Amino acid sequence: MTTWLLKTEPDDYSYTDLIRDKRTEWDGVANPAAQKHMRDIKKGDEAFIYHTGAERAIAGIAKVVRGAYEDPAHEGVRTAAGDVKFTLFDVAPGKAAKTPGTLAEIKADPAFKDFDLVRQSRLSVMPVPPKLDAKLRKMAGL
DNA sequence: GCCAACGTTGGC
DNA sequence: GCCAACGTTGGC
């Protein structure tokens with residue numbers, strides 16, 4: 001069981017949209033580093049949904065209802081290492097955050113100093129180490 | 001609105 | 001295969 005963090009621009013797709021849809025394919029990720037992480041996403045994993053843009057806060061947590069599978073839009077494309085290059089996974093809403101776990105709050109805690117969200121601001125899919133997972137849940141009231 | 005950090009593209 | 005130019009993301 002791994003916990004992930006998924007970034008989204010709420011104007012494009014927000015946690016509220018996920019609640020409305022009840023389930024969605026997490027697509028639109030082209031970045032190779034993010035795709036590398038996505039291949040490891042399994043059914044039963046959980047994922048914080050983080051809103052970028054003006055919000056910069058955790059909006060809620062989602063459940064992975066279908067683990068990584070090949071994106072039919074890019075079928076047959078492989079990486080140099082022979083992995084499926086483009087995968088998708090499906091998520092369903094979990095709980096909405098009671099309190100926003102803001103980026104400012106995250107940055108204020110030295111434990112997050114090496115976290116990808118802080119270190120590599122452009123990465124859109126990243127694993128959350130267990131210690132940070134617990135802290136984030138506390139911050140967001142999840 | 002700006003710009004740093006990073007990815008991608010295309011000419012060589 | 002390198003790298004300069006260009007495009008994009010996301011925090012500020």
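Worth knowing before you read on, the calculation uses all heavy atoms, side chains too, and leaves out hydrogens, waters and symmetry mates. Protein chains get the first letters and strands the later ones, always in sequence-line order, with residue 1 at the start of each. Everything numeric here is computed off the predicted structure, so don't read it as measured data.
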Integer-rounded Å distance: dG10(C) P and Leu123(A) CG: 9 Å

note: Tyr50(A), atom OH; dG10(C), atom P; distance rounded to Å ~ 9 Å

Just how far, in rounded Å, is P of dA4(B) from CZ of Arg119(A)? 20 Å

Tell me: CG of Leu6(A) to P of dG10(C), nearest whole Å? 12 Å

Mutual orientation of the aromatic rings belonging to Trp4(A) and His37(A) [parallel < 30°, tilted 30-60°, perpendicular > 60°]: tilted

So, are Asp83(A) and Arg78(A) salt-bridged, with charged N and O less than 4.0 Å apart? no

On the six-membered ring of Phe115(A), is Arg119(A) placed so that its NZ or CZ lies under 6.0 angstrom from the centre and within 45° of the ring axis? no

Tell me the interatomic distance from Asn31(A), atom CG, to dG7(C), atom P, rounded to whole angstroms. 19 Å

Would you mind checking if Glu46(A) and Arg137(A) are paired as a salt bridge, meaning a charged N to carboxylate O distance below 4.0 Å? yes

Identify which nucleotide among dG7(B), dC12(C), dG10(C) has an atom closest to any side-chain atom of Ser121(A), counting heavy atoms from C-beta outward. dG10(C)

Checking contacts here: which listed nucleotide (dC6(B), dG11(C), dG10(C)) is nearest the side-chain heavy atoms of Gln120(A)? dC6(B)

Looking at dC12(C), dG7(B), dG10(C), which one has an atom nearest to any side-chain atom of Leu103(A)? dC12(C)

